[in-house]
Amino acid sequence: MTRYIFITGGVVSSLGKGLGSAALGALLQARGYSVRLCKLDPYLNVDPGTMSPFQHGEVYVTDDGAETDLDFGHYERFTGVPARGMDNTTTGRIYTNVLQKERKGEYLGATIQVIPHITNEIQDFIREKDGSADFVLCEIGGTVGDIESQPFLEAIRQFGNEVGKDRAIFIHVTLLPFIPAAGELKTKPTQHSVKELMSYGIRPQILLCRADRHISEDERSKIGLFCNIERENVIPALDVHSIYEVPLTYHAEGLDRQVLACFGLEDKVKPDLSTWENIVKNVKEPESEVTIAIVGKYTNLADSYKSLNEALTHGGIANKVKVNLKFIESEIFESEAPETHLQGVNGILVPGGFGDRGVEGKIRAAQYARERKIPYFGICYGMQMAVIEAARHLCGIKGAGSSEFTHCEIPVIGIMTEWLKGNKIEERSKDEDLGGTMRLGAYPATLKPGSKISQIYGTTDISERHRHRYEVNTNYREQLEKAGLKFVGLSPDGKLPEIVEYEDHPWFIGVQFHPELKSKPFDPHPLFVSFIAAAIDQDRLV
Ligand code: GLN
């Protein structure tokens with residue numbers, strides 16, 4: 001029997017609902033239950049694929065090729081359960097489905113309305129999860145009170161009534177702001193937020209109260225009294241130093257125990273939290289530190305590289321070092337010399353990106369890393385930039401560029417119009433919708449035996465997640481390999497370059513995929529472990 005936990009948020013956005021849901025998932029797993037996490041996003045985009053990382057943080061790609069919200073990254077990193085496209089929906093998707101059915105005449109002439117048609121479609125999305133796990137944790141994006149959230153709240157209310165109290169509970173995440181003049185945490189916004197939720201007919205059983213300092217027992221009792229919630233279900237969720245402490249701190253405050261109590265389940269097994277204890281120990285007690293420069297475009301919003309930052313942290317955990325990140329806007333290298341900003345860093349990483357702003361700076365960063373023998377990790381766009389750099393400076397192809405650039409004389413990076421997915425040929429063209437033309441999701445690659453990359457992976461067959469439109473043009477392979485840049489990973493049909501590396505460089509690897517999406521604190525990705533290890537070695541050299 002699947003039980004449902006709905007998680008809503010109030011007072012302000014960015015309270016860490018996604019992280020909280022993920023941490024609760026991890027705690028339930030530690031008690032031996034299976035979990036699935038899903039998310040309902042009230043915005044109108046059909047999926048986050050076309051949203052700017054500036055506004056919304058990174059787009060997280062699943063194995064099955066769905067472009068989802070960055071919270072899915074938290075879900076996977078905390079629970080290890082691979083997310084699927086069917087785990088995420090949005091207002092845009094729900095309306096698209098309903099309107100398609102309406103056009104096909106599936107509603108038999110009925111007048112289509114938000115209630116029941118939209119709310120039923122939302123419930124169908126939730127119901128699809130039935131039987132897939134002991135617990136389904138379903139996060140509602142946005143903040144209670146937003147116009148867009150209303151149909152979702154109505155739908156989960158109806159759903160909760162239908163399955164009954166012993167199969168569905170509601171957790172509300174709120175904020176207790178500290179007002180310095182009064183010298184206390186304020187509970188009023190939480191009271192109002194709960195009142196708002198109740199006006200939709202939802203009474204939360206558990207409140208997860210975010211605060212930047214200790215919440216006294218008096219305050220807990222007061223919130224419980226005013227919000228009609230048992231005091232022990234008012235759970236303090238204080239700020240922590242590392243996100244990986246969250247499962248432990250929530251457990252210490254009784255979150256998982258109270259969740260089980262709400263379902264009438266006994267608290268009989270002591271959860272095994274040793275994995276999280278070890279991770280936190282390594283985060284808190286590093287033996288040394290390294291600095292990695294991330295040369296990119298969206299560097300002023302940390303969330304736009306969320307998975308990348310986490311994967312680097314995981315590489316640090318595995319090597320028992322603290323990884324300091326130095327974000328550098330690549331455009332700066334178009335006017336200033338790379339050494340001004342890169343001197344002293346232990347590794348350089350050029351992450352994924354789109355468009356041609358700042359590309360010349362990324363190419364200069366790759367050149368600097370190659371020439372100075374600093375560990376270089378090029379991810380997707382970062383690999384393409386390294387290839388262009390080699391073409392220009394090692395092969396003498398001056399006009400080398402990507403057909404993604406506004407001006408490109410010689411496309412060493414270009415559009416491949418077709419490629420294989422399993423036995424099926426997929427196609428893309430430059431003129432299609434932005435959402436529909438990318439190579440998305442997990443694809444296999446074959447690694448060259450004896451290459452550095454095959455040693456790092458410990459195998460020659462891998463599968464990694466992709467999200468890109470352009471590919472390295474294999475017409476230049478021979479020239480590039482002669483110059484030292486080896487094509488050490490290819491798609492199984494040999495048509496698409498997946499990985500390049502220099503043999504005579506301590507660590508210079510470019511990958512066409514996004515390894516950061518699969519890294520977990522308890523299962524760090526081998527490429528990040530190896531990159532950080534190379535950065536540590538580099539540190540010994542300087
Ligand atoms: N813009 C490049 C492409 O579409 C790289 C994409 C990426 O880095 N994710 O191929």
Side-chain angles (χ1 to χ4, degrees), residues 47-54 56-63 65-68 70 73 294-299 303-309 311 330-331 348-363 365-366 376-389 391 400-408 411-419 426-443 445 464-474 476 489 491 495-500 509-519 527:
D47 64 39
T50 52
M51 289 162 93
S52 159
F54 265 138
H56 199 73
E58 79 174 0
V59 174
Y60 187 80
V61 180
T62 59
D63 272 336
E67 297 180 286
T68 64
L70 90 173
I294 297 183
V295 181
K297 192 164 77 164
Y298 307 118
T299 49
D303 269 0
S304 56
Y305 294 125
K306 189 75 202 149
S307 295
L308 182 67
N309 303 347
S330 61
E331 263 181 322
I348 297 172
L349 192 150
V350 177
F354 291 87
D356 63 2
R357 187 167 68 76
V359 286
E360 291 305 323
K362 293 180 189 177
I363 294 170
Y376 176 88
F377 196 178
I379 294 183
C380 208
Y381 220 20
M383 173 220 202
Q384 298 176 356
M385 295 305 120
V387 171
I388 294 173
E389 193 279 313
S402 162
S403 45
E404 182 168 2
F405 301 174
T406 322
H407 303 288
C408 169
V412 291
I413 310 293
I415 291 259
M416 262 279 292
T417 50
E418 58 182 51
W419 71 100
E426 295 203 23
E427 287 186 41
R428 81 187 120 191
S429 96
K430 219 176 170 173
D431 311 317
E432 274 176 63
D433 292 357
L434 272 185
T437 58
M438 283 208 261
R439 185 167 170 233
L440 281 170
Y443 284 84
E464 291 282 2
R465 295 184 194 169
H466 292 248
R467 181 174 187 253
H468 59 106
R469 205 168 277 120
Y470 301 84
E471 310 280 351
V472 176
N473 186 340
T474 41
Y476 297 94
S491 57
K495 285 190 180 161
L496 305 177
E498 293 276 9
I499 304 159
V500 292
I509 292 177
V511 296
Q512 187 57 81
F513 45 80
H514 290 277
E516 71 274 22
L517 300 177
K518 290 199 356 189
S519 187
L527 272 170

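Order of listing sets the numbers, starting from 1, for every ligand and every atom in it. Only a predicted model underlies this, so the values are computations on that prediction, with no experimental measurement involved.
Atom CG in Leu440 sits 12.0 Å away from atom CG in Asp63 (nearest 0.5 Å).
Residue Met383 forms a side chain to side chain contact (heavy atoms under 4.5 Å, CB included) with just one option from Ile413, Val511, Val472, and that option is Val472. Shown are Ile509, Ile379, Leu308; of these, the side chain to side chain contact (heavy atoms under 4.5 Å, CB included) with Pro515 is made only by Ile379. His468 pairs in a side-chain hydrogen bond (donor to acceptor under 3.5 Å, both in side chains) with only one of the listed residues (Arg439, Glu404, His514), which is Arg439.
Among residues two or more places apart in sequence or in another chain, the side-chain contact (heavy atoms from CB on, under 4.5 Å) test is passed with Asn309 by Ile294, Ala302, Tyr305, Leu325, Phe327.
Sorted by chain and number, the residues within 4.0 Å of ligand 1 by heavy atom are Gly352, Gly353, Phe354, Cys380, Tyr381, Gln384, Glu404, Arg467, His468, Arg469, Tyr470, His514.
Taking the charged nitrogens against the carboxylate oxygens, Arg467 and Glu67 do have a contact shorter than 4.0 Å, which makes a salt bridge.
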